[in-house]
Amino acid sequence: MDNKPNQANTSDVIQVRYDKLNALREAGRDPFVITTSDRDCLTETIKNNFEEYENKDVCVAGRIMSKRGKGKVSFLDLHDKSGKIQIFAKFDDLGEEEYGFLKKWDIGDIVEVKGFVFKTKMGEISVHATAVRLLSKSLKPLPEKYHGLTNTDLRYRQRYVDLIMNPEVKDTFIKRSQIISSIRRYLDGQGFMEVETPMLVSNAGGAAARPFMTHFNALDEDLKLRISLELYLKRLIVGGLEKVYEIGRVFRNEGVDTRHNPEFTLMELYQAYTDYNGMMDLTENLFRHVAQEVLGTTLITYNGTEIDLGKPFERITMLDAVKKYAGVDFNEIHSDEEAKAVAKEHHVEFEDRHKKGDILSLFFEEFAEEHMIQPTFVMDHPIEISPLTKKKPDNPDYVERFEMFINGWEMCNAYSELNDPIDQRERFKAQEEALAQGDEEANTTDEDFLNALEIGMPPTGGIGYGIDRLTMLLTDSAAIRDVLLFPTMKSLDK
């Protein structure tokens, strides 16, 4: 029975490929029954160690990305995960039947080639084929070689084609993997323990975000996808695991833009017996370690701007940043009404429920954030926007919290963690009131977490890092979708 392409209006090119598959099957050469390959080395291993491999028999496998030649000599470019190598094939070596099948291979086919390593007269390291085998037939053509896959929307939807056609995309995701591995090595070396906590939760807390909702049929109970890793990790600090971290997906029911995707990778860590100053020191050292290990330098370039991770990171309070860049001293503002009046003067939009601290944060976002190009710790946030953070002993309107900015982006968020269960209950109460007034991102009271605090949590420093944003920075990527293999996309009509 002939195989037909599963499309109503297929092109002649696709039909030809299906016809070739039928011919292969009729000849007893169905590639899809093959289960393994004899491949024994990667292409870049051969090219990087030519003196060792010259005249040695090898078996390589990968995807054909170009064909040339005529008559009884053919040249193919074979790509595997490490790179590419040229295949030199001759009628006299393979014989009429095998060479005939090779001539019918298409760009995109996945093949196995056995042969010996040599250099052509042009000096190109190649494999002289002595045996060939088709491992998988490509039934749809790849994009045209010189234009590649350039449609951005299609690149994100068909990442598998994007990875084939655009080597720099593959390099980005190799670096992403290296970044995560480097973070793990650093933290493991500092005595941290990696853990895993639930994604499905009854109470999604630990961040200001609207959660996704779902229903658990077995328990007939509504649950949420986690928006943060925080509250479970703090429970582990209570339990005596003094240094813990988790790298995992979190989910926030929010908009999509160049820096936001509704599911993203977060790394949070918590360390007992330290505070946000300890978290600043750890962050500086971690960022330098990762950049040096992955890129080989602490001087990086993003969108043409040099960013120096080797110098001490600047430290500035949110109050001082707003005073510096907006010319407004919130130390001279003593009530919510005064803050709202100043906001109106400076055309800063706010909501009726907002208090002085909320408006200070809005001023920072409006006037100061864009100036934080070099690594900067912005410290001492207002209590209104920090429900899980210890108050500053000398100024209880503010808390021991920092956000670290690079390139105008928030890269991480850290606290001296609140461990007073009485204070925490009051903070939750304030969050409940904000929720009742329409703040969909406000937290709700988590009784089990309060119970853990009542058991007793030591003084603790905690921090959360956006892995995707760090990857954007270290790979000079313009958008978060460029560093997510499969970003969230609106479904296409069938």
Side-chain angles (χ1 to χ4, degrees), residues 1-43 46 57-118 120 122 124-149 158 160-161 163-165:
M1 178 176 164
D2 282 355
N3 295 281
K4 299 294 183 183
N6 187 24
Q7 292 181 327
N9 299 303
T10 57
S11 70
D12 291 341
V13 172
I14 296 175
Q15 185 59 58
V16 166
R17 293 193 177 210
Y18 274 84
D19 291 342
K20 287 182 179 180
L21 175 61
N22 288 327
L24 286 166
R25 286 177 165 167
E26 289 171 3
R29 289 174 172 265
D30 184 352
F32 296 119
V33 303
I34 297 172
T35 59
T36 188
S37 167
D38 295 327
R39 182 171 78 172
D40 56 20
C41 60
L42 296 173
T43 60
I46 295 170
D57 289 333
V58 296
C59 179
V60 294
R63 190 182 298 274
I64 299 171
M65 293 301 291
S66 73
K67 293 175 59 181
R68 54 204 176 276
K70 61 181 179 179
K72 296 186 177 183
V73 176
S74 294
F75 294 90
L76 312 172
D77 279 345
L78 182 145
H79 289 222
D80 63 15
K81 74 171 188 175
S82 69
K84 69 175 180 177
I85 199 164
Q86 179 174 264
I87 305 299
F88 173 72
K90 290 177 66 178
F91 176 93
D92 294 343
D93 298 318
L94 297 176
E96 180 177 357
E97 184 179 25
E98 292 300 319
Y99 190 76
F101 281 114
L102 178 144
K103 289 286 285 184
K104 292 179 180 178
W105 285 354
D106 291 305
I107 291 174
D109 286 351
I110 297 172
V111 303
E112 176 188 89
V113 177
K114 294 180 179 179
F116 60 89
V117 177
F118 78 113
T120 65
M122 301 298 291
E124 184 166 356
I125 298 171
S126 306
V127 174
H128 188 133
T130 56
V132 297
R133 186 164 61 142
L134 179 65
L135 301 179
S136 182
K137 182 67 186 167
S138 174
L139 297 175
K140 282 191 173 182
L142 294 170
E144 197 268 332
K145 175 183 175 183
Y146 294 103
H147 295 97
L149 185 63
Q158 296 185 13
Y160 41 93
V161 182
L163 290 165
I164 293 169
M165 298 305 300

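Numbers here are sequence positions counted from 1. Only a predicted model underlies this, so the values are computations on that prediction, with no experimental measurement involved.
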Decide yes or no on side chain to side chain contact (heavy atoms under 4.5 Å, CB included) for S138 and D106, but give the supporting numbers first. CA-CA 7 Å; S138 174; D106 291 305; 5.8 Å; no
Check against side chain to side chain contact (heavy atoms under 4.5 Å, CB included), R17 and L21: CA-CA 6 Å; R17 293 193 177 210; L21 175 61; over 6 Å; no
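Looking at every heavy atom in both residues, I87 comes nearest to A129 through CG2-CB, 4.2 Å. Nearest approach of S82 to L42, heavy atoms of both residues: OG-CB, 3.5 Å. Closest non-hydrogen pair, L142 versus G108, comes out as CD1-CA, 4.0 Å. In this structure, P31 and L24 approach most closely via the heavy-atom pair CD-CD1, 4.3 Å. For K137 against F32, the heavy-atom pair with the smallest separation is O-CZ, 3.5 Å.
A distance-only check finds a donor-acceptor pair linking the side chain of D40 to the backbone of C59 [under 3.5 Å]. Although no hydrogens or angles enter the test, the distance criterion places a donor-acceptor pair under 3.5 Å between the side chain of E112 and the main chain of D38.
L78 contributes atom CG, which lies 10.5 Å from atom CE of M65 (distance to the nearest 0.5 angstrom). Separating the OH atom in Y160 from the CE atom in M165 is a distance of 14.0 Å, to the nearest 0.5 Å. The CD1 atom of I34 lies 6.5 Å from the CG atom of L134; values are rounded to the nearest 0.5 Å. Within the model, atoms OG of S37 and CD1 of I110 stand 10.5 Å from one another, a figure rounded to the nearest 0.5 Å.
Between N22 and E26, the side chains place no donor N or O within less than 3.5 Å of an acceptor N or O (distance only, hydrogens not considered).
Counting non-hydrogen atoms of neighbouring residues, nucleotides and ligands closer than 6.0 angstrom, the NZ atom of K20 exceeds 12 such neighbours.
Here the side chains of V111 and I64 are in contact, with some heavy-atom distance below 4.5 Å. No side-chain heavy atom of T43 sits less than 4.5 Å from a side-chain heavy atom of V127. Between Y99 and S74 there is a side-chain heavy-atom pair separated by less than 4.5 Å. A heavy-atom distance below 4.5 Å is not found between the side chains of I125 and Q86.
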Which atom pairs, donor and acceptor, lie under 3.5 Å between side-chain atoms of residues 91-98 and protein residues at least two apart or in another chain?
from : atom 1 : to   : atom 2 : distance (Å)
D93  : OD2    : H128 : NE2    : 2.6
E98  : OE2    : R29  : NH2    : 2.5

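For residues 63-72, the salt bridge (Lys or Arg N to Asp or Glu O under 4.0 Å) pairs, not counting sequence neighbours, are R68-D77.
Listed by chain and residue number, K114, F116 satisfy the side-chain contact (heavy atoms from CB on, under 4.5 Å) test with T130 (two or more places apart in sequence, or in another chain).
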